[in-house]
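Down below is the structure, laid out as structure tokens.
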Amino acid sequence: MNNVLPEKALPEKLLPQTSLPEDRLADIESIEPSRWQARLNLRLQAGPRGTRLVENRHQGPLYVQKPFYPEGPELAHLYLLHPPGGLVSGDHLQISVELGSHTQALLTTPGAGRVYRARVDRAWQYQRQYFEVGEGASLEWLPLETIIYPNARTQLETHVELSAQARFIGWEVTSLGLPACDLDAQQAEVRQRLVVMQQGKPALVEQLCLDERSRRLFAAKVGMQSLPINGVFVAGPFVTMSESLSDWIAEENRQTHVNALAGISLVGDFIVGRFLGTCSEQGRKLFEHWWQCLRPHLMQRPACAPRIWLT
């Protein structure tokens, strides 16, 4: 038996409202759009008990809970947490990490970053990361991919300062749109920059600019060849290049990849790899493979994947 009354039998106060009163509409239109101004400042120091997080200051929804030590006390694993999960218009995320002399740290994220569609005001969506690596220290920056949604308007910047004998392995994978959902981000406005400085001098500067003027380069043969996933991998400095490492680079460049272009080369004292493809997981897995191969040479440690990657 059907106990649902026909709509005409419902009392008027229970009927669905087709419009809001004018005073309610005025209240909604006057609401200031939400904007997160989030900052995270971390400082690590080496001591008798190994590498310790001695400063952890945050403002807004951006923080770390605690360091983990799956490889022993000398190397801290830190997971950067951003509960909102993405950037909207007007958001500004700033991450500053200072590694003292002879500290060792690995930083990653528990999930993909997202830059959502910009609002009508087209306010920029910012994320800036600054890493200062002290003398003899090592930093591994291994985040999951960043997804740029259609019509986003974002500036993404990563700056790494290396002191004498400091070492660095890092990567960044960016998805222009969501290829699996047939959503592209060609109409997005993206400015992305990665800078690695070695004792005050630029060792590597990578920059991507996608806007109305450069849109045609997305499909061009000399550009991105309509491949929505791009990534860059950096490891170094390598003071000496062994024959086995040179042979490994040559062998990696002989590998073929399905629906993707990838290559690795020596740029100054750094090994730099690049990826263009259609699957962000494929790019990240390739970078993980390079990290596993190069970490023992550069950090004198076997690869130890962060536990968060397994959840």
Side-chain angles (χ1 to χ4, degrees), residues 86-87 109 112-118 124-125 127 141-158 169-196 202-236 248-268 270-294:
L87 301 176
T109 57
R114 290 172 172 82
V115 183
Y116 295 115
R117 182 190 307 271
W124 285 98
Q125 301 149 280
Q127 181 163 334
W141 169 234
L142 313 176
L144 273 65
E145 66 272 16
T146 298
I147 302 170
I148 310 295
Y149 278 67
N151 293 311
R153 191 168 190 250
T154 186
Q155 292 189 29
L156 307 172
E157 300 177 11
T158 301
I169 299 179
W171 69 54
E172 293 187 344
V173 178
T174 305
S175 175
L176 296 174
L178 294 90
C181 302
D182 292 326
L183 292 176
D184 67 66
Q186 289 192 50
Q187 300 305 314
E189 189 171 350
V190 182
R191 297 179 184 177
Q192 190 172 15
R193 185 177 174 88
L194 168 65
V195 177
V196 178
L204 179 71
V205 178
E206 289 279 327
Q207 184 164 293
L208 169 66
C209 183
L210 182 65
D211 55 24
E212 192 62 38
R213 293 175 297 176
S214 61
R215 197 81 61 199
R216 59 185 179 180
L217 290 176
F218 180 80
K221 192 71 174 177
V222 296
M224 300 179 68
Q225 304 184 34
S226 297
L227 297 172
I229 312 298
N230 73 88
V232 60
F233 173 98
V234 184
W248 175 81
I249 292 175
E251 179 60 31
E252 287 298 314
N253 286 326
R254 283 193 287 267
Q255 302 296 321
T256 58
H257 304 275
V258 178
N259 297 325
L261 300 171
I264 195 165
S265 59
L266 187 64
V267 179
F270 290 80
I271 290 178
V272 178
R274 294 178 176 84
F275 174 87
L276 269 176
T278 59
C279 176
S280 59
E281 184 178 5
Q282 180 187 17
R284 188 164 52 82
K285 291 297 183 182
L286 176 62
F287 286 0
E288 286 182 31
H289 164 68
W290 289 347
W291 168 67
Q292 291 168 357
C293 293
L294 291 173

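Please read these numbers as outputs of a predicted model, since none were measured by experiment.
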Q: Taking ring-ring contact (aromatic ring centres under 6.0 Å, His included) as the test, write out the residues that go with Phe270, two or more places apart.
A: none
Q) What are the two closest heavy atoms between Leu227 and Asn259, and how far apart are they? A) CD2-O, 4.4 Å
Q) Is the CD atom of Glu281 crowded by more than 12 outside heavy atoms at less than 6.0 Å? A) no
(Q) I need the minimum non-hydrogen distance between Ile229 and Thr278, along with the two atoms involved. (A) CG1-C, 3.6 Å
Q.
If you compare all heavy atoms of Ile147 against all heavy atoms of Gly177, which two are closest, and at what distance to 0.1 Å?
A. CG2-O, 3.7 Å
Q. Which heavy-atom pair separates Phe287 from Glu172 by the least distance, and what is that distance?
A. CE2-O, 4.1 Å
Q | Exam field: side chain Gln125 to backbone Tyr116, donor-acceptor pair closer than 3.5 Å | A | yes
Q. Who are the side-chain hydrogen bond (donor to acceptor under 3.5 Å, both in side chains) partners of Glu251, not counting sequence neighbours?
A. Arg254, Gln255
Q: For the pair Leu194 and Trp141, evaluate side chain to side chain contact (heavy atoms under 4.5 Å, CB included) and give the outcome as yes or no after the intermediate values.
A: CA-CA 12 Å; Leu194 168 65; Trp141 169 234; over 6 Å; no
(Q) Donor-acceptor check, side chain of Arg274 to backbone of Val272, threshold 3.5 angstrom: yes or no? (A) no
Q. Can you name the nearest heavy-atom pair linking Ala262 to Phe275, along with the distance?
A. CB-CD1, 4.2 Å
Q. Hey, what do you get for CD1 (Ile249) to CD (Glu252), rounding to the nearest 0.5 Å?
A. 9.5 Å
**Q.** Side-chain ion pair, Arg193 and Glu157, N-O less than 4.0 Å
**A.** no
Q. Do Leu176 and Met224 pass the side chain to side chain contact (heavy atoms under 4.5 Å, CB included) test, and can you show the C-alpha distance, the side-chain angles, and the key distance before you say yes or no?
A. CA-CA 11 Å; Leu176 296 174; Met224 300 179 68; 3.7 Å; yes
Q) Atom CD1 of Ile148 and atom CG of Leu87: how far apart are they, to the nearest 0.5 Å? A) 8.5 Å
Q) What's the shortest heavy-atom distance between Arg117 and Tyr149, and which atoms? A) N-CB, 3.9 Å
Q: Look only at the side chain of Asn253 and the backbone of Ile264, and say whether a donor-acceptor pair between them is shorter than 3.5 Å.
A: yes
**Q.** Distance in Å, Ile271 CD1 paired with Ile169 CD1, rounded so as to fall on 0.5 Å steps
**A.** 9.0 Å
Q. Just by modelled atom types, is the Pro143 backbone N or O under 3.5 Å from a matching donor or acceptor in the Trp171 side chain?
A. yes
**Q.** Glu189 (side chain) donor-acceptor with Asp211 (main chain) under 3.5 angstrom
**A.** no
Q. Which residues satisfy the salt bridge (charged side-chain N to carboxylate O under 4.0 Å, His left out) test with Arg284, sequence neighbours excluded?
A. Glu145, Glu288
